[in-house]
Trainee: 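Handing you a structure now.
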Amino acid sequence: AVIGVIGLGYVGLPLAVEKAKAGYKVIGFDIQAHRVQMVNEGTNYIGDVVDEDLKELVQKGLLKATTDYSLISEVDACAICVPTPLDQYQQPNISYVESSTKSIAKYLHPGMLVVLESTTYPGTTEEVVKPILEETGLKVGKDFYLAYSPERVDPGNKVYNTKNTPKVVGGVTPQCTKVAAALYRSVLEGEVHEVSSPRVAEMEKILENTFRNINIGLANEMAILCHKMGIDVWEVIDAAKTKPYGFMAFYPGPGLGGHCIPIDPFYLTWKAREYNYHTRLIEVAGEINNAMPEFVIDRAMKILNRYGKAMNGSKVLVLGVAYKKDIDDYRESPVLPIVEMLEKYQARITVCDPHISSFKVAGKVYETVDLTVDLLKEADLVLITTDHSRFDYQMIADHAKAIFDTRNALKEIKNIQADYEKL
Ligand code: SAJ
């Protein structure tokens, strides 16, 4: 069987590799020609994919990439793994899902399986994807199969990957569920959990990520309150963790980054309006998470103030741009608004991030630099915003004058010389 994967990003490429490793002939589709070229050269650009696998599969002819969507005519099953961002009005943008579905519809043939994997609001598969495919005159469940199966990828996770993470599958008809589940079972090791409809599968994915968003919001609210009360919130959370049942630790941070957790819950908020329901909990958590960059800047200003320094003209060394540790992705990173505010208050900013060489904020490009003792000594304030493992925290503790640590990154360091504050 020939399998198509549309969208060769952090979801699509690992999925394409796993399907090719299972022995299927895989055609990867992407609108970005440079990604297609890199795949066909066996050059990996997704951290979690094993380079050798990619190279070998391409050389064996089991995996190839193309921008030519007419090759969909050759595939028996097709997974849609394209981005589902929010637009500038915080509204869902499922245009990539729609365009991919239209491309598939052009080449839809009897017996074909289509699976949507992109995170989206409940109803997308049946209200958007299904009608586009049935415009061909082919009938779902009879002439072709359609299901929803949410991706679960945790960038940088060394334990769980595409192959071993359990997968939920919901088909438009029972037969669709069976066909989709059978394909995943032939590729993946983890449990394939069948549900009764695409809407259940779409909603469970949103629940997973909203659960994280809300609990991170709670951790951030606790951090703000604990600071006012002079309590160490990190010590509080570690103590709460001793409860062996019914508690799960989440930690405060400089804000909520990534292209899932800050975004997915608002797909549900948007859909809920259709049912005249106001998802208050999601919105309040969003407000708290979005207020964290400002809280960080306020804390930084107060620390500088202790030295009689205004933010204006102070040397602030920002350690970490990525939205979480040990990855090279800074999309939606809370460090972006933090840098933007430091700029607005005319701090003299230097940024270090071993995984990111340059980044853009409000139209300005910043080049990151290597962390050195001199940079630490010269800085009026060191802001730890991403707790990358590659940072030398002993060196930071030994040479910085003042540190504001938003990630409890120095938790292992004893007797810190610097003037040290945590979130
Ligand atoms: N964060 C906190 N405190 C925490 C946990 C996370 O501030 O206790 C922050 C992180 O720093 C980051 C953001 O939240 O900025 C998102 O963190 P994340 O670990 O949820 O990261 P993602 O978005 O890279 O990956 C998540 C998956 N991660 C985990 O489950 C651990 C998972 O939620 C989804 O499978 C995936 O997004 C997705 O693609 O939906």
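Ligands are counted one by one from 1 in listed order, and the atoms in each one are counted from 1 as well. What you see is a predicted model, and the numbers here were worked out from it, not measured in a lab.
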Trainee: Work out which heavy atom in L15 is nearest to a heavy atom in C81; give both atom names and the distance.
Mentor: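 Between these two residues, the closest heavy atoms are CD2-SG, 3.8 Å.
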Trainee: Tell me the protein heavy atom at minimum distance from atom 23 (O) of ligand 1, and give that distance in Å.
Mentor: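 Residue, atom and distance for the closest contact: I261 CG1, 3.7 Å.
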Trainee: Under 3.5 Å between some N or O of ligand 1 and some N or O of E208?
Mentor: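 There is no such contact.
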Trainee: H259 vs Y323 aromatic rings, parallel, tilted or perpendicular, using cut-offs 30° and 60°?
Mentor: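 H259 and Y323: perpendicular rings.
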Trainee: I'd like to know whether ligand 1 has I216 as a neighbour, heavy-atom separation below 4.0 Å.
Mentor: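 The answer is yes: ligand 1 sits under 4.0 Å from a heavy atom of I216.
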Trainee: Where does the angle between the aromatic ring planes of Y69 and F29 fall among parallel (under 30°), tilted (30 to 60°) and perpendicular (over 60°)?
Mentor: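 Because their plane-to-plane angle lies in the 30° to 60° range, the rings of Y69 and F29 count as tilted.
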Trainee: Knowing that exactly one of K228, E221, H227 qualifies, which makes a side-chain contact (heavy atoms from CB on, under 4.5 Å) with I224?
Mentor: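 It is K228, the one option of K228, E221, H227 that forms the side-chain contact (heavy atoms from CB on, under 4.5 Å) with I224.
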Trainee: Considering heavy atoms of the protein only, find what lies nearest to atom 36 (C) of ligand 1 and give residue, atom and distance to 0.1 Å.
Mentor: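 Closest protein heavy atom to atom 36 (C) of ligand 1: V153 O, 3.2 Å.
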Trainee: Given D264, T385, D154, which has its nearest heavy atom closest to atom 25 (O) of ligand 1?
Mentor: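 It is D154 that holds the nearest heavy atom.
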Trainee: Is E274 salt-bridged to K271, cutoff N-O under 4.0 Å?
Mentor: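 A salt bridge links E274 with K271.
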Trainee: Which heavy atom of the protein is the closest neighbour of atom 11 (O) of ligand 1, given with residue, atom name and distance?
Mentor: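 Ranked first by proximity to atom 11 (O) of ligand 1 is R407 NH1, 2.9 Å.
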Trainee: What atoms in ligand 1 come closer than 4.0 Å to a heavy atom of R152?
Mentor: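 Atoms satisfying the 4.0 Å criterion: 35 (O).
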Trainee: Where on N209 is there a heavy atom closer than 4.0 Å to ligand 1, on the side chain, on the backbone, on both, or on neither?
Mentor: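 Side chain only; the backbone of N209 stays clear of ligand 1.
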Trainee: For ligand 1, note which part of E117 has a heavy atom under 4.0 Å away: side chain, backbone, both or neither.
Mentor: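 Under 4.0 Å from ligand 1, E117 contributes no heavy atoms.
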Trainee: Which option out of L256, N157, L218 puts a heavy atom nearest to atom 9 (C) of ligand 1?
Mentor: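 Ranked by closest heavy atom to atom 9 (C) of ligand 1, first place is L256.
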Trainee: Identify the protein heavy atom lying closest to atom 20 (O) of ligand 1, giving its residue, its atom name and the separation to 0.1 Å.
Mentor: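 Looking only at protein heavy atoms, the one closest to atom 20 (O) of ligand 1 is R212 NE, 2.8 Å.
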Trainee: What is the closest protein heavy atom to atom 8 (O) of ligand 1, and at what distance does it sit?
Mentor: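 Ranking protein heavy atoms by distance from atom 8 (O) of ligand 1, first comes Y251 N, 2.8 Å.
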Trainee: Going by the side-chain contact (heavy atoms from CB on, under 4.5 Å) test, name the single residue among D76, V75, V2 that passes it with K25.
Mentor: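 By the side-chain contact (heavy atoms from CB on, under 4.5 Å) criterion, K25 pairs with just one of D76, V75, V2: V2.
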Trainee: Show me which atoms of ligand 1 lie under 4.0 Å from any heavy atom of K205.
Mentor: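 Those qualifying, in numeric order: 34 (C), 35 (O), 38 (C), 40 (O).
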Trainee: Applying the ring pair (Phe, Tyr, Trp, His ring centres under 6.0 Å) test to Y121, which of Y148, W270, Y275 qualifies?
Mentor: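 Of the listed options, the one satisfying the test is W270.
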Trainee: What do you reckon, does Y323 have a nitrogen or oxygen under 3.5 Å from a nitrogen or oxygen of ligand 1?
Mentor: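 There is such a contact, yes.
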Trainee: As an exercise, state the distance from OG1 of T162 to CG of N157, rounded to the nearest 0.5 Å.
Mentor: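 Here the interatomic distance stands at 10.5 Å.
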Trainee: Once the angle between the rings of Y330 and F359 is folded into 0 to 90°, is it parallel (under 30°), tilted (30 to 60°) or perpendicular (over 60°)?
Mentor: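 Perpendicular.
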Trainee: G171 and C176: which non-hydrogen atoms are nearest, and at how many Å?
Mentor: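 Heavy atoms only, the tightest pair is CA-CB, 3.9 Å.
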Trainee: Are any of the N/O atoms on Y10, whether in the backbone or the side chain, positioned under 3.5 angstrom from an N/O atom of ligand 1?
Mentor: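 Checking ligand 1 against Y10, an N or O pair does fall under 3.5 Å apart.
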Trainee: Using modelled atom types and a 3.5 Å cut-off, is there a donor and acceptor pairing between side-chain atoms of Q417 and backbone atoms of N415?
Mentor: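 Here the side-chain-to-backbone pair exists.
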Trainee: Parallel, tilted or perpendicular, judged at 30° and 60°: which one describes the rings of Y393 and F391?
Mentor: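 If you compare the ring of Y393 with that of F391, the planes turn out perpendicular.
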Trainee: So which heavy atom in the protein is nearest atom 13 (C) of ligand 1, and how far is it from that ligand atom?
Mentor: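 Answer, as residue, atom name and distance: G257 O, 3.4 Å.
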Trainee: Just let me know how H259 lines up against ligand 1, side chain, backbone, both or neither, with a heavy-atom cut-off below 4.0 Å.
Mentor: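 Within the 4.0 Å criterion, H259 makes no contact with ligand 1.
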Trainee: Under 3.5 Å between any N/O of G258 and any N/O of ligand 1: does that happen in this structure?
Mentor: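 For ligand 1, there is no N or O atom that lies under 3.5 Å from one belonging to G258.
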Trainee: Taking the non-hydrogen atoms of P155, is any one of them nearer than 4.0 angstrom to ligand 1?
Mentor: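 Yes, P155 has heavy atoms under 4.0 Å from ligand 1.
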Trainee: Pick, from G255, P262, C260, A322, the option with the minimum heavy-atom distance to atom 38 (C) of ligand 1.
Mentor: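 Result: the heavy atom closest to atom 38 (C) of ligand 1 is in C260.
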Trainee: Are the side chain of R185 and the backbone of V192 linked by a donor-acceptor contact shorter than 3.5 Å?
Mentor: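 Yes, R185 side chain to V192 backbone: donor-acceptor pair under 3.5 Å.
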Trainee: Within a distance under 4.0 Å of any heavy atom of F250, pick out the atoms of ligand 1 and give their elements.
Mentor: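 Those qualifying, in numeric order: 8 (O).
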Trainee: What's the shortest distance from atom 21 (O) of ligand 1 to any protein heavy atom, and which residue and atom give it?
Mentor: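 Ranked first by proximity to atom 21 (O) of ligand 1 is K324 NZ, 3.4 Å.
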